[in-house]
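All values below come from the heavy atoms of this structure, side chains included, with hydrogens, waters and symmetry mates left out.
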Amino acid sequence: MEHNPSNAQKSSGIAAITPNITDPNMDAHALLARLQVLAGTGGGAGQVDVNSLLSNLMQQLAVPAHAQEQQQEQEQEPMCVAGPIQMICGASTFFEHNVHDFMLSAKEIAPASTDYAVVSIIGAHSSGKSYLLNRLFGTNFQVMDAAKRRGQTTKGVWLSRCTKPSMLVMDVEGFDGRERGEDDTLYEKRAALFSLTISDLMMVNMWLRDIGRQHGGCIPLFKTIFRERAKLEPSKTRVLVIVRDYDYETPMETLQNNLVTQMEEIWESVNKQPGKENKLFSDYIEVTVFALPDRLLVQDFKEKVTNLRNWFSKGGLAELQQDKVAASGFAFSAKGIWETIKQNKQLDLPAHRILVSTSICERIVRENLDALALHEDYMSMKSGAQYSPKEFSTKLEGLLECVLARYDAETDMYDANVRAAKRHGLENGTLHLLEPFCKDMFNRLRTTTACESKDKIAAQLRNADDPATAVDASVQACLKEFTESCKELSSRYQVLCDENCKELRNELTSFAQIKAESIKEQRMREELERQRIEAEREAKPVREEAERLRQEAEHAKVAAACEAERINQIRELALRRVEENAQRGEPPRGLGIDPTLDAALSVSPLWHILRPFLTSEAPTTEGLINPPKNT
């Protein structure tokens, strides 16, 4: 950077040319041509500031092209859209809910987006940090009113949001203030380390006169943050040193080399350990130096601030955006880092990223599951709509695709392993919410299949030669139809599908066994009935013959009784005659027997017993009265 004139020289140059500018008779374009000639010559004490005057003159002339360019630049300049809010109070309390709500209220930053940068500024108190941020980004941080008091203004850490580009601007409490005293440097060290860790770009506000000084030159702070920074993984952290009240005497290259050398020496003093590999400053920290003149030189100060603003707005932050969490997880991540620093624990950013990824992904999973209840398909299932397995599977896959796509979009920037694990959890959670509806669908399908299958099984068993051996085959055929219907859902609800398949198998098997036994018994009854009918048919002639014989025997019995009665009558008659003859004193004699009667009675065994009594060979009366027992 070339050497610029002193303030006195600038004033004399301004005084020499200003009357010509204010002369109403002076042609403005002629004056512009004269100034361009003077700028080209580069000589004379009053001509060294011609470029600045030329710029002022062009603004006063309101050249249309220049005005249009200026308007375009202003449209691209960083602009504060919200804030400030207090992020961390002076008592070290982190306001997580405030920061979270502040981030979610951003319209320019989507909750799942990481397209934002974090810029912070540290430095001595009352050194113009807040004023610089307000001029750079249009923020509204509180600044010191020198007319009322000189002292600490910013307490804690404050946060604003800007656009063009999207970034978070942190104004950090200054160090070396009398309010905290000489011994209370713990907070300022914590705040500086927090800023370095969380920021994509940390600005260090430093006065030119303080370079090389112990406290004014931030040496104690650099020692603390460099020591802790070396414990983290190697990656470039950008530090932008803003040198205030630059007098243009020291060349910028020399100034930057001096500052970088000083920081490297601080780095080595706290991190060089005998016997261990040295950690290079350049592997961890990248330093850029930018100088600002005294703000009393309004035009020069404004020009330099504009240059710095243009650097931010024209892609200067694009290369600075490190791996960070989404906007919705910024508050949780920042609080975790702050609490770790407060507890004086070693910062483990990889582990912290895992923790943040886990927490944010779990929160996104919960939000997606809650949002699922408002989905049209879910509400239709909940209202009792009945779907076939294919329709249910289509609805299910649509819900999963919707939920998982939203999850993937919101967690794209988090740890891949954590994302995958929580994504699996979201998928299982969605399936768990839909499981009651799927269970109802399976129950309906199982009931319908059971009713239809029982008719088929009964028909198959009736046609089987042996129903008992056909039970398994008939049941298996029906189960195959059920499993084919559930095939599209079996991959999602394998256990539920297996349970219903098992219940259906048990129900159908029990039915088939009972049916087979019933068919078997029916067949046995039919066989017995057939045999009975056949036996009845075969036994009918025998029964008829027996009845005939019975009737003949009955007739013979009746005939025998009649014959016996007749014989008894004859016997009685014979006895009377014998008695009569005995009374008359006549000898016994036989009765005369009719030959025809004798022939008719000869078929009866009794007749052969009685006949002798009726003939002349008749026995005595004693024999008639008491016949032999064997007769």
(message) Could you work out, with salt bridge (charged side-chain N to carboxylate O under 4.0 Å, His left out) as the rule, every residue matching Glu503, not counting sequence neighbours?
(response) Arg446
(message) I'd like to check the side chain to side chain contact (heavy atoms under 4.5 Å, CB included) partners of Gln476; sequence neighbours left out, ordered by chain and number.
(response) Leu479
(message) Test of understanding: with salt bridge (charged side-chain N to carboxylate O under 4.0 Å, His left out), list the residues that count as partners of Glu264, not counting sequence neighbours.
(response) none
(request) Not counting sequence neighbours, which residues clear side chain to side chain contact (heavy atoms under 4.5 Å, CB included) with Thr448? List them please. (result) Glu452
(request) If a pair satisfies salt bridge (Lys or Arg N to Asp or Glu O under 4.0 Å) and one of its residues is in residues 89-101, list it, with sequence neighbours excluded. (result) Glu96-Lys335
(request) Check side chain to side chain donor-acceptor pair (under 3.5 Å) between Glu397 and all other residues, then give those that pass, not counting sequence neighbours. (result) Arg492
(request) Name all residues meeting the ring pair (Phe, Tyr, Trp, His ring centres under 6.0 Å) criterion together with Phe194; count only those two or more places apart in sequence or in a different chain, and write none if there are none. (result) Trp338
(request) Sequence neighbours left out, what passes side chain to side chain contact (heavy atoms under 4.5 Å, CB included) with Glu108? Give chain and number order. (result) Val81, Ala106, Arg161, Thr163, Ser166
(request) Just jot down the side chain to side chain contact (heavy atoms under 4.5 Å, CB included) partners of Ser113, sequence neighbours excluded, or say none. (result) Ile109, Ala110, Asp115
Under 3.5 Å donor-acceptor pairs involving side-chain atoms of residues 400-409, not counting sequence neighbours:
from   : atom 1 : to     : atom 2 : distance (Å)
Arg406 : NH1    : Asn368 : OD1    : 3.0
Tyr407 : OH     : Arg419 : O      : 2.9
Tyr407 : OH     : Arg423 : N      : 3.3
Asp408 : OD1    : Arg423 : NE     : 2.9
Asp408 : OD2    : Arg423 : NE     : 3.3
Asp408 : OD2    : Arg423 : NH2    : 3.2

(request) Check side chain to side chain donor-acceptor pair (under 3.5 Å) between Ser328 and all other residues, then give those that pass, not counting sequence neighbours. (result) Arg363
Compile the donor-acceptor pairs under 3.5 Å between side chains in residues 428-440 and protein atoms, sequence neighbours left out, one pair per line.
from   : atom 1 : to     : atom 2 : distance (Å)
Asn428 : ND2    : His424 : O      : 3.4
Asn428 : ND2    : His424 : NE2    : 3.1
Thr430 : OG1    : Leu426 : O      : 2.9

